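These figures come from a predicted structure and were not determined experimentally. Labels below follow one simple rule: chain letters A, B, ... track the order of the sequence lines, proteins then strands, and each chain is numbered from 1.
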There are 2 protein chains.
Amino acid sequence: MPDTAIDPDFGFTSDELDPEKCPVRQVLAQVGGKWTVLILELLQHGPRRFNALGRAIPDISKRMLTQTLRDLERDGLVSREVFPTKPPSVQYALTPLGVDLMKAMGGLLDWAWTNFDKVKTARDVYDATP
Amino acid sequence: MPDTAIDPDFGFTSDELDPEKCPVRQVLAQVGGKWTVLILELLQHGPRRFNALGRAIPDISKRMLTQTLRDLERDGLVSREVFPTKPPSVQYALTPLGVDLMKAMGGLLDWAWTNFDKVKTARDVYDATP
DNA sequence: TGTATAGGTCTCATTTAGAGACCGTTGCTG
DNA sequence: CAGCAACGGTCTCTAAATGAGACCTATACA
């Protein structure tokens with residue numbers, strides 16, 4: 001549904017919602033990933049190694065664990081450090097930027113814990129009325 | 001990577017991360033959707049109709065707009081009201097629960113606006129070093 | 001010798017998202 | 001009165017993301 005210039009219903013320039021330019025969209029594309037916040041939460045407990053994270057998340061595959069960590073590293077939210085043990089071990093940790101992000105997420109996480117029962121109820125009601 | 005009982009690295013019961021039981025995972029699965037927050041933000045400006053939302057989001061398809069709105073309605077975050085005009089018009093609005101969620105998201109959205117340049121820089125650096 | 005651990009990669013099947021045609025009803029325009 | 005546009009969707013088909021799990025190299029321990 002392409003539209004140029006100014007939106008008649010809201011008065012935005014379309015730039016403000018341009019996927020490439022809107023920070024919210026860019027950040028949420030990452031943070032909204034299925035595993036992202038879970039991993040960030042675990043790393044709040046301190047640095048952890050690859051397989052420790054894998055063990056902690058019951059249903060993640062190595063493939064997705066690798067990929068999510070790579071993306072977080074790319075965005076500067078997580079650091080990756082290799083230790084020359086045999087076999088080599090790899091430690092992941094939150095960067096200061098990552099710590100900051102998790103602080104900013106606090107409100108949302110609290111909301112999730114305190115309000116999820118309401119969401120669940122709403123779902124049940126909705127599903128029960130065909 | 002299935003694991004039962006207590007995680008040795010963290011000390012969680014696996015229940016706390018069980019996809020079905022963890023509120024954070026459940027809420028983020030919704031909120032993390034590509035269009036969800038965008039739509040909620042638009043609805044903060046007041047109730048809007050289906051096609052108004054479609055016009056405001058340059059690159060959403062009707063299919064995804066429908067689906068995202070349905071999911072939000074199911075979760076009790078958005079209300080849907082049909083007016084018997086010809087042709088019928090449909091108005092979407094935030095529910096009190098939706099308003100509350102958006103308040104809780106404030107921190108994250110602010111973070112996105114003020115810190116996205118850092119993320120972007122980190123990305124450029126990462127991509128430049130093969 | 002045989003098995004386990006480390007941190008991944010690779011392939012293939014399944015799931016989800018996206019583009020865009022289509023639909024029925026109505027009103028406006030020529 | 002014919003034709004087109006707008007309302008709010010649904011339907012089909014394709015493309016992209018995700019998931020399961022086999023495989024890899026090197027070392028240590030039994």
Side-chain angles (χ1 to χ4, degrees), chain A residues 1-3 7-9 17 19-20 25 28-39 42-43 47-74 78-93 130, chain B residues 1-3 7-9 17-20 25-26 28-39 42-43 47-74 78-93 130:
Chain A
M1 285 172 103
D3 197 5
D7 183 279
D9 305 299
L17 288 170
E20 302 304 315
R25 294 188 71 167
L28 255 82
Q30 250 316 305
V31 166
K34 184 166 180 180
W35 308 106
T36 306
V37 172
L38 221 45
I39 291 176
L42 290 173
L43 290 178
R48 285 296 187 279
R49 288 169 42 187
F50 184 85
N51 280 334
L53 293 169
R55 275 188 295 268
I57 305 176
D59 53 344
I60 197 171
S61 67
K62 288 185 169 197
R63 187 183 167 286
M64 287 314 293
L65 182 54
T66 303
Q67 195 175 101
T68 307
L69 286 168
R70 288 269 187 283
D71 290 344
L72 288 172
E73 192 195 353
R74 184 168 101 105
V78 156
S79 65
R80 177 180 186 272
E81 197 176 355
V82 181
F83 295 96
T85 56
K86 311 281 175 95
S89 50
V90 180
Q91 191 179 67
Y92 293 91
Chain B
M1 287 173 101
D3 196 7
D7 183 280
D9 305 299
L17 287 170
D18 181 336
E20 302 303 317
R25 294 187 72 167
Q26 291 280 324
L28 253 83
Q30 249 316 304
V31 166
K34 184 166 180 180
W35 308 107
T36 306
V37 173
L38 220 46
I39 291 176
L42 291 173
L43 290 179
R48 287 296 187 278
R49 290 170 40 187
F50 183 86
N51 280 334
L53 292 168
R55 275 187 296 267
I57 305 177
D59 52 346
I60 197 171
S61 68
K62 287 187 170 196
R63 187 184 168 287
M64 288 313 295
L65 183 54
T66 304
Q67 195 174 102
T68 307
L69 286 169
R70 288 270 187 282
D71 289 344
L72 288 171
E73 191 196 353
R74 185 169 102 104
V78 155
S79 65
R80 177 178 186 272
E81 196 176 355
V82 181
F83 295 95
T85 54
K86 308 285 178 84
S89 48
V90 179
Q91 192 178 66
Y92 293 91

For Gln67(A) and Met64(A): C-alpha separation, side-chain torsions, deciding distance, then whether side chain to side chain contact (heavy atoms under 4.5 Å, CB included) applies. CA-CA 5 Å; Gln67(A) 195 175 101; Met64(A) 287 314 293; 4.0 Å; yes
Taken to the nearest whole Å, CZ/Phe83(B) to P/dG8(D) is 11 Å
Please report the distance, rounded to the nearest Å, between CG in Leu65(A) and P in dA6(C). 13 Å
Using a 4.0 Å heavy-atom cut-off across all strands, classify Ser89(A) as base, sugar-phosphate, or nothing. sugar-phosphate
Mind checking the CG-CG spacing from Leu43(B) to Leu53(B)? Nearest 0.5 Å is all I need. 5.5 Å
Without decimals, in angstroms, what is the distance between Arg48(A) CZ and dA6(C) P? 14 Å
Given protein heavy atoms under 4.0 Å, the one-letter contact record of nucleotides 14-30 of chain C, with B base, S sugar-phosphate only and - none, is simply ---BBBB-----S----
For side chain to side chain contact (heavy atoms under 4.5 Å, CB included), just list the numbers for Asp59(A) and Ile57(A), CA-CA rounded to whole Å, side-chain angles, deciding distance to a tenth of an Å, and then say yes or no. CA-CA 6 Å; Asp59(A) 53 344; Ile57(A) 305 176; 3.9 Å; yes
Taking the side chain as every heavy atom from C-beta outward, state whether Phe50(B) and Leu69(B) have any atom pair closer than 4.5 Å. yes
Answer yes or no: does a side-chain N or O of Arg70(B) lie under 4.0 Å from OP1 or OP2 of dG8(D)? no
Can you measure Leu53(A) atom CG to dG8(C) atom P for me and round it to whole angstrom units? 11 Å
Pairwise distance OH(Tyr92(A)) to CG(Leu42(A)) - rounded to 0.5 angstrom: 14.0 Å
Quick one: CH2 on Trp35(B) to CZ on Arg25(A), what's the gap to the nearest 0.5 Å? 4.5 Å
Let me know the distance between CD of Glu81(A) and P of dG7(C), rounded to the nearest Å. 13 Å
How long is the line joining CG of Leu38(A) and C1' of dT18(D), in whole Å? 16 Å
What integer distance in Å separates Arg55(B):CZ from dA5(D):C1'? 12 Å
Using the side-chain heavy atoms of Arg49(A), tell me which of these nucleotides is nearest: dG8(C), dG7(C), dG8(D). dG7(C)
